[in-house]
Amino acid sequence: MGGRSALWPFYTCVMPELPEVETVVRGLEKHARGDVIESVWIGEKRDLLKSAPEEIAELLTGARIGGVRRMGKHIVVDLAMPENGEARGQWIVHLGMTGKLTVCRPDVDVEKHTHVVARLESGREIRFVDPRRFGKTWVHRSEAGFATGGLEPLEVDLPTFASFFRRRKTPIKSALLNQKLLRGIGNIYADESLFRAGVRPRRSAASLTMDELRRLHGAVREVLTEAIAAGGSSISDYVGADGERGFFQMEHRVYGREGQPCLHCGTPIKRIVVAGRGTHYCRVCQR
DNA sequence: AGGTTGACCTGGACGC
DNA sequence: TGCGTCCAGGTCAACC
């Protein structure tokens, strides 16, 4: 971990999976929790909004940020009544592929593709920016709180993990990406986990042996934990920063390394398409 | 019903 | 230089 090796391609774009979302959540917890939303600006693009803009503005305006949590790739901002701390509802943000949710000072230039700005009592602003608009945001009133399927990959035990895959014919990579089973794993960490577990991405999920499932369970935990640790270094710079610092500090062993030597055996990394996604693996180390 | 595919989006890379 | 084309992938609808 640490610096990016010269072997790696230079990524300019951030793909938010569980560790990146966790980093954003920790940044918001640190720099926005307890603050009160004074006013809300919502842009013209409606395809990102799953609640009416008036509803979002109404629920957010005047609310205190009681806490910020992650559920899979969803960011859950718990809103409270400022006077008594009573639950008021939740502001949900999904970053899609290119979304960013940052806390910044108001004098920082407003980026192109900024869709929501929440101005806080402290003077800071929470900004939701998403060029590609695969992201989504909406609100829930407290009586109908946000719920999502799937279990947290860092919390699930081995027997439950194994039970998800035992009877599935779909490729193991597709199953790892299925948010109704495990929530938060995306394309990059699916490839990285399968490499560390030594399992080929196209293998049918049901074909994995108990030993392979045990290795995969461990690999998923290891990869996500390392990535969160790498992202953690960006939190102190979160205010006013572009929010991207730290996201790609973890070295990828297979993702984006087509044709480059496997770090374990030297065989060129292969790239195939699984579940419509670019998929990278070592044909020698993964069976 | 589980599994698979394409649509949604924009910016960047690439070819001519 | 500039234009057209392709590709990236999270999620969901619409198929088989």
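These numbers come from a predicted model, not from an experiment.
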Next item on the list: Would you classify A:Lys112 as touching base, sugar-phosphate or nothing, given that sugar-phosphate means primed atoms plus P, OP1 and OP2, and contacts are heavy atoms under 4.0 Å?
Entry: sugar-phosphate

Checklist line | Short side-chain N/O contact to C:dT11 OP1/OP2 from A:Lys73, under 4.0 Å | finding: yes

Next item on the list: Decide if atom CZ of A:Arg287 counts as having more than 12 heavy atoms of other residues, nucleotides or ligands within a radius under 6.0 Å.
Entry: yes

Item checked: Check: A:Arg132 side chain, B:dC9 base, donor-acceptor under 3.5 Å -> yes

Margin query: Under 3.5 Å, is there a donor on one side chain and an acceptor on the other for A:Arg119 and A:Ser39?
Written below: yes

Margin query: Quick check: closest heavy atoms across A:Pro131 and A:Thr98, and the distance to 0.1 Å?
Written below: CD-O, 3.4 Å

Review item, nucleotides 14-16 of chain C N/O atoms under 3.5 Å of protein N/O:
none

Check: Can you list the residues that meet the salt bridge (charged side-chain N to carboxylate O under 4.0 Å, His left out) rule with A:Arg88, with sequence neighbours excluded?
Finding: none

Side-chain donor-acceptor pairs under 3.5 Å in residues 267-277 of chain A, sequence neighbours left out?
none

N/O donor-acceptor pairs under 3.5 Å from side chains in residues 154-163 of chain A, not counting sequence neighbours:
unit_1: A:Asp157; atom_1: OD1; unit_2: A:Thr160; atom_2: N; d: 3.0
unit_1: A:Asp157; atom_1: OD1; unit_2: A:Thr160; atom_2: OG1; d: 2.5
unit_1: A:Ser163; atom_1: OG; unit_2: A:Thr160; atom_2: O; d: 2.6

Check: Mind checking whether A:His113 and A:His115 have side chains closer than 4.5 Å, heavy atoms only?
Finding: yes

Next item on the list: Apply side chain to side chain donor-acceptor pair (under 3.5 Å) to A:Arg64 and list each qualifying residue two or more places apart in sequence or on a separate chain.
Entry: none

Item checked: Separation of atom NZ in A:Lys180 from atom C1' in C:dT11, rounded to whole Å -> 9 Å

Item checked: Ion pair A:Asp130/A:Arg133, N-O distance below 4.0 Å -> no

Next item on the list: Look at the aromatic rings of A:Trp138 and A:His140 and report parallel, tilted or perpendicular, splitting at 30° and 60°.
Entry: perpendicular

Next item on the list: Would you mind reading off the distance between A:His252 atom NE2 and C:dA8 atom C1', rounded to a whole angstrom?
Entry: 14 Å

Note to self: Using whole Å, what does the distance between atom C1' of nucleotide B:dC8 and atom CG of A:Leu95 come to?
What the structure shows: 17 Å

Check: Quick one: A:Arg46 CZ to B:dC8 C1', roughly how many Å, whole number?
Finding: 18 Å

Item checked: Phosphate OP1/OP2 of B:dC8 contacted by A:Arg133 side-chain N/O (<4.0 Å) -> no

Item checked: Whether A:Tyr189 and A:His252 hold their rings parallel, tilted or perpendicular, with breakpoints at 30° and 60° -> perpendicular

Next item on the list: With sequence neighbours excluded, tell me which residues meet side chain to side chain donor-acceptor pair (under 3.5 Å) with A:Thr148.
Entry: none

Next item on the list: Check whether any side-chain nitrogen or oxygen of A:Gln179 sits under 4.0 Å from OP1 or OP2 of C:dT11, and answer yes or no.
Entry: yes

Notebook entry, point to check: Is A:Trp41 isolated, or which residues cluster with it under the ILVMFWY side-chain rule of less than 4.5 Å, directly or via members?
Noted result: A:Val117

Margin query: Just to be sure I understand the rule, does A:Asp47 reach a base, reach only the sugar-phosphate, or reach nothing, if contact means heavy atoms closer than 4.0 Å?
Written below: sugar-phosphate

Checklist line | Test side chain to side chain donor-acceptor pair (under 3.5 Å) applied to A:Glu55 - qualifying residues, sequence neighbours left out | finding: none

Notebook entry, point to check: Could you state the CE-C1' distance from A:Met15 to B:dC9, rounded to the nearest angstrom?
Noted result: 15 Å

Notebook entry, point to check: Between A:Glu152 and A:Arg70, does at least one N-O distance fall below 4.0 Å, as a salt bridge requires?
Noted result: yes

Margin query: Please report the distance, rounded to the nearest Å, between NZ in A:Lys136 and P in C:dA13.
Written below: 11 Å

Pairwise N/O distances under 3.5 Å, protein to nucleotides 1-3 of chain B:
unit_1: B:dG3; atom_1: OP1; unit_2: A:Lys169; atom_2: N; d: 2.8
unit_1: B:dG3; atom_1: OP1; unit_2: A:Thr170; atom_2: N; d: 3.4
unit_1: B:dG3; atom_1: OP2; unit_2: A:Arg168; atom_2: NH1; d: 3.0

Notebook entry, point to check: For DNA chain C, what residues of residues 274-283 of chain A have any heavy atom nearer than 4.0 Å?
Noted result: A:Arg277, A:Gly278

Notebook entry, point to check: Are A:Glu192 and A:Arg196 within salt-bridge range, i.e. N to O under 4.0 Å?
Noted result: no

Next item on the list: Any chance you could encode DNA chain B as dot-bracket? Rule is Watson-Crick or G-U wobble with both distances under 3.5 Å; [ ] for pairs crossing earlier ones, | for another strand.
Entry: .|||||||||||||||

Note to self: Is it the case that atom CZ in A:Arg46 sees more than 12 heavy atoms from other parts of the structure closer than 6.0 Å?
What the structure shows: yes

Checklist line | Any A:His113 side-chain N or O less than 4.0 Å from OP1/OP2 of B:dG11 | finding: yes

Checklist line | Residues from residues 149-160 of chain A lying under 4.0 Å of DNA chain C - heavy atoms | finding: none

Notebook entry, point to check: A:Glu258 CD to C:dA8 C1': how many Å, rounded?
Noted result: 14 Å

Notebook entry, point to check: Is A:His94 near enough to C:dT11 that one of its side-chain N or O atoms lies under 4.0 angstrom from OP1 or OP2?
Noted result: yes

Next item on the list: Starting from P on C:dG10, measure out to CZ on A:Arg183 and report it in whole angstrom.
Entry: 17 Å

